[in-house]
Amino acid sequence: MSSLSRELVFLILQFLDEEKFKETVHKLEQESGFFFNMKHFEDQVQAGEWDEVERYLCGFTKVEDNRYSMKIFFEIRKQKYLEALDRQDRAKAVEILVKDLKVFASFNEELFKEITQLLTLDNFRQNEQLSKYGDTKSARNIMLIELKKLIEANPLFRDKLAFPAFKSSRLRTLINQSLNWQHQLCKNPRPNPDIKTLFTDHSCNPTANGSRPPPTNNLVGPIPKAGAFPPIGAHGPFQPVVSPSPTSIAGWMSNSNPSLSHPSVAGPPPGLVQQSSAAAFLKHPRTPTGVTGMDYQSADSEHLIKRIRTGPSDEVSFSGVMHSGAYSQDDIPKNLVRTLSQGSNVMSMDFHPQQQTILLVGTNVGDISLWEVGSRERMVHKPFKVWDIQSASMPLQSALLSDAGISVNRCVWGSDGLMLGVAFSKHIVQIYTYNPTGELRQHLEIDAHVGGVNDIAFAHPNKQHCIVTCGDDKMIKVWDAVAGRRLYIFEGHEAPVYSVCPHYKENIQFIFSTAIDGKIKAWLYDCLGSRVDYDAPGQWCTMMSYSADGTRLFSCGTSKEGESHLVEWNESEGAIKRTYSGFRKRSLGVVQFDTTRNRFLAAGDEFQIKFWDMDSTNMLTAVDADGGLPASPRLRFNKEGSLLAVTTNDNGIKILANNDGLRLIRMLESRAMDKSRGPSEPINSKPLIVNALGPVSNVSPAVAQSMERPNIMPPSVSISSHSPAENSRLVDVKPRIVDDVDKIKSWKIPDIADPSLIKPLRLPDSGNAAKVVKLIYTNNGLTLLALTSNAVHKLWKWQRSERNPSGKATACIMPQLWQPPSGTHMTNDINENKPPEESGACIALSKNDSYVMSASGGKVSLFNMMTFKVMTTFMPPPPAATFLAFHPQDNNIVAIGMEDSTIQIYNVRVDEVKTKLKGHQTRITGLAFSQTLNVLVSSGADAQLCMWSIDGWEKKKVRSIQAQVGRQPPSSGETKVQFHNDQTHLLVTHETQIGIYDSKLECIRSWYPKEALAAPISSAIYSCDGLLVYVSFCDGAVGVFDADSLRLRCRIAPSAYLQSSVLSNSSVYPVVIAAHPSEPNQVALGMTDGSVHVVEPSDVELKWGGTPSQDNGSLPSNSSNPSLSGQASEQHPSSEEEEPPKLEITENEARAILEVIASTGKFWHEWDKLKATLSFQLKQVLLEYPEAKMTIEEQNASLRETFTELVKRLDEALHSFDQGPPFTLQRLCEILLNARGIYPNLSKLALALEKNLLVTSMLTISTDPYPQPKAILPEPIEPEKASEEPPKMESDSAAAAPQNGVEDSSGDKDEVMTEVDEADTVDNMTIDMEALESFVESTETNTAPPNS
């Protein structure tokens, strides 16, 4: 490649970097091999992206190139290997050893053998050379130092580590110069040429009269300097962010160094590693004085600018933003309509963004309140308290101890009104979730800053819901609004940060911040430092705010001397464009301000509220709200600008209103009057403006219909948007429906049609489009298994990560479509005489997830879940198996429903049919065992239910499913059954109904498809907690019902989880629905098109629908949709509201129990009681470590998670055992009795506990006499009452039950067996294979699953 071509690559690299094509930049670096980006390499190494690290390296060198390259690859692969060992992933470690490290064996065989030997150690740090190996982060940093030395010494990297130095935007400059030259050659050059393309040479069209226009000096002068032209990318695929005008934040935040080059390895942060489309936006170069450069933005781009800013195109201000139609001072809220008594000094206020009369208030004593200003009702009052003082940092505890007084510095709503945040004067912020009817729930408490938290705001960088805070510690921090994790920290201010103002321009997200030294800075979400450093007028406390349309930036502040300044900024210059006059010369406090309607500014000064027109510097008017205001009152407009809240001297709030606000208040008064009328009064038939009380989204479609506003109700309707004729009728409206809506305290939107209201996730697939016919979660909740109509199984696994430490299935993280290293598929045997698509499919999973039994019209297959190998097959057709269910007490016994209507009770171990049950007329479609009732219930395609005794397998009852009133009972159709958690109530599903049946097969309650859910039912299932029933329909909808009453909570429309391209296909719907085993609000849907979707409520809602509280009545009964109304359910406590189990014995008694278990390896007490004792002891032990008292930052540094997260994770692992204790119970008790003595370090203790809790086998209760009885837990279960050990799947000579359920490791067990194929390992490995077998989970040594 020629020298110029090489330089062109560098120009393209710079352009791509400036346009934020980060992946493309690094791909071009790799493919060209011209520039090795050390910063990118370091980032990938520190993130552990090992595949990307090697892929990037391979663009510059290969393993065999030289000794430096070999050493580089060896160090990377060795680190990857050690990390796998450190997280106890032995299977992955063996894979790395064989695939990645074996290549080095021929160069240093002894070293390779030594590395192999690490597999035999419990902890590789036992190796002397690795004894100082720290945590993963520090080890990667140490390795990076070595790698950088090797790369710099490697001759192949010579001249590739530094990016050539040339001016920024060089490619744009060259193109601009070319266009200017082309324009000079035009026969009829125009003063302002319209450049629409770069694909052809430019030429100006002749003028209308054919005369040549006067010459333009701008093009005959000197060629403009670099950076003098607007960004190039307005054309084609590289379209840049189009700012509202050249007067955008871009220019203000442009880099002060115009010649900043692409960075070298040791260069400063800006450059190729920046977030560069943002960088291009922020640099937005300006034309030098005297040289009018050619703006070759497209016509579309110019139109967009003109659409955003009306007025002369060359004006450098925002004064072009004009408002259609005249407006007057009557639009300003000046009339006093309400006075509220808060009771303490109000520090901050904010109106709800949608419910225009809901006001959030924070005070100087830390209280927050929610006011309904129309009715003067205080809906919520929350006194300050630290939610979890135990996990609070020591500085916060010390601050509260020395001075318990705390104040609200700022309270603010999120943009959607579903969250609110409160910043306090000491350390913390608290985040609440908000139910649109007034309920607040604690969501997050974050120890955010050292000292006061001065401001809080919500933002959405990269579509992630975030919280932005600033504080006395001179920092700005960004937090994940869902999990509370810190995402970014911005440092650079030299004084406490007073305020933050997050904003965005098109797709560029940024934050303005002000400090009390008067400095204004701006930040991108990239941790690369501030882009702006300007002085605010007054150089003290300043707040910044954008106009409602986001196009104009204002700030208001007061100096230490009391001089106040309200200004509008010219963003492109970072200069003040307009200063508003009318302030007192010496203000008596820090002046607060607000904006509204893109028209007015308001500020509190001189015991008044002063108003300005945004386009005029002179004060418009001032009001004193009938007196009683402080010198500098705080104030806040509602979103529509119809109401203004103002603080008073007597710890109160005054509400001012304009004409629209007055109508709104009168409507609220009218509603209050209507409440006194009887419920039988007819509903007013006039159109109702229900949105005056909140968004229409809070009212169901059915309610909307009853309001006689079909198909015309907008998403958000404000009173001010109606014509005067409409407004004149508002007082006459009697909103009876609104009265009913008031009663709904916990009722969420019945119809969920928008994907933003839920968390849907389509699982990755290999492209196989076969229909999903069966779908189940594994019992541990970590994986999801599907069986398709072509007899192939698919398994999705969620990996443990920082975002998902439990590794459980979630809609927030994409899982892996998993296969064993062998690439084997789990495929059922099929009937050659009948296609699998026409055969009945069935599947059942063993209790500990080790085995799956499955059939697709052929033989029944038993698969090993780890290796996908077929362990055995049985029951060849005909008849074919149509349903499978494991016996609840013996995994060797399987009930198999057959195509010929019989049920075969089959013993897998001895390969024998024990008995055949006959009672149905057609094929079996459902089987369910109940241990409590000691029965098996079967259902068939004959729409009948049969109950069988487990003891003798005799038939006890036969029932046809309940008929709908006035109709004949169905005589056919696939019928399915599932027992509730209580093992007595039965869910029966048929395409025409769902029903709840009791232990006598009597129908207690039923529901039939109708109205909004009128399609046939395809599947139904209980949630894991038994409180909900999920029902899928053949039109793609999903209904969520209360399990008790079968009242519909909400309907999930197909548009909420399916892509628009799929919605047009009416044949795509869920065939089967699966419920997560431990997350009651998560379901998975198996679709007719072969896709699988995981669906959860949004992060704000947390639950599907809601249950009516006792004091708030039930749902309104006037819905025009009967399916949305019905019997109100009982209040069921949610799982998160349940109190943790309390220790019912003394600590000494608890310790005595653990000592007995530690010495005998057996247990005698009820597992639930024993589990509570273990949980208590676990938490007590963890609290003894010093990390419990560290700050959150110190905890994260030491543990890579907070102490609270660690305790929760381990406790959840313990509570995941619901049937009995783990078989590692003895070791667990040994650790808990002497934790500090065995593990001085908490991280090692946590690793040991996790290792002992991440097992699946469980112990059974001992029948031996209890040694040395003591006053401990309630009396142990009597031996004769203890459950008997079920038989094992092994030879008769070894069939005796193991002592206390602990199985001989040499025998078969329903636990994943381990072995290593010699073909998968290195021939000359000097490794203890027996030890390796205990580490690597790969295949089963036997062919039949034992008892779990």
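Just so you know, these numbers use all the heavy atoms, side chains as well, and skip hydrogens, waters and symmetry mates.
- The OG1 atom of Thr824 sits 8.5 Å away from atom CZ of Phe868, with the distance rounded to the nearest 0.5 Å.
- Each of Tyr56, Phe35, Phe36 was evaluated against Phe41; a single residue qualifies, Phe36, per the ring-ring contact (aromatic ring centres under 6.0 Å, His included) test.
- Of the possible donor and acceptor atoms, one in the side chain of Arg125 sits under 3.5 Å from a partner among the backbone N and O of Gly134.
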Please report the C-alpha distance between Phe863 and His793 in whole Å, then the side-chain angles of each, then the deciding distance to 0.1 Å, and finally whether the ring-ring contact (aromatic ring centres under 6.0 Å, His included) criterion is met. CA-CA 10 Å; Phe863 293 95; His793 299 76; 5.2 Å; yes
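- A salt bridge does not link Glu1205 to Lys1208: none of the charged side-chain nitrogens sits closer than 4.0 Å to a carboxylate oxygen.
- Remark: Glu75 pairs with Lys71, Lys78 by the salt bridge (Lys or Arg N to Asp or Glu O under 4.0 Å) rule, at least two apart or across chains.
- The six-membered or imidazole ring of Phe112 lies away from that of Phe104, with a centre-to-centre distance of 6.0 Å or more.
- The two residues Gly1090 and Val772 come nearest to each other via the heavy atoms O-CG2, 3.6 Å.
- In this structure, CG on Asn1252 lies 8.5 Å from CZ on Phe1223, to the nearest 0.5 angstrom.
- Side-chain atoms of Glu29 and Leu13, non-hydrogen and from C-beta on, do get closer than 4.5 Å to each other.
- Side-chain contact of Ser854 with Ser861: a donor-acceptor pair under 3.5 Å is absent, judged by distance alone.
- Of all heavy-atom pairs spanning Leu761 and Thr810, the tightest one is CD2-O, 3.7 Å.
- Between Asp43 and Lys39 there is a salt bridge, since at least one side-chain N of the basic residue sits less than 4.0 Å from a carboxylate O of the acidic one.
- Summarising the geometry, atom NE2 belonging to His26 is positioned 4.5 Å from atom NE2 belonging to His40; distances are rounded to the nearest 0.5 Å.
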Would you please test Glu152 and Lys148 for salt bridge (charged side-chain N to carboxylate O under 4.0 Å, His left out) and show each step? CA-CA 6 Å; Glu152 289 168 359; Lys148 289 174 70 173; 5.7 Å; no
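- Trp796 places a side-chain N or O within donor-acceptor distance of the main-chain N or O of Pro764, the cut-off being under 3.5 Å.
- Leu775 and Ala786 make their closest contact through CD1-CB, 3.6 Å (heavy atoms, listed as atom of the first residue, atom of the second, distance).
- Nearest heavy-atom pair, Gly807 versus Leu782, reported as atom, atom and distance to 0.1 Å: O-CD2, 3.2 Å.
- Between the Asp89 side chain and the Leu85 main chain, no donor and acceptor come within less than 3.5 Å of each other.
- Scored by the salt bridge (Lys or Arg N to Asp or Glu O under 4.0 Å) test, Lys80 finds Asp100 as partners (sequence neighbours excluded).
- For NZ of Lys62, the number of neighbouring non-hydrogen atoms (other residues, nucleotides, ligands) closer than 6.0 Å is greater than 12.
- For Trp798 (side chain) and Met814 (main-chain N/O), no donor-acceptor pair under 3.5 Å exists by modelled atom type.
- Defined by atom type and a distance below 3.5 Å, a donor-acceptor pair is missing between the side-chain atoms of Asp829 and Ser856.
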Output, in order, the C-alpha distance, side-chain angles, deciding distance and verdict of side-chain contact (heavy atoms from CB on, under 4.5 Å) for Thr136 and Arg87.
CA-CA 10 Å; Thr136 300; Arg87 61 177 180 266; over 6 Å; no
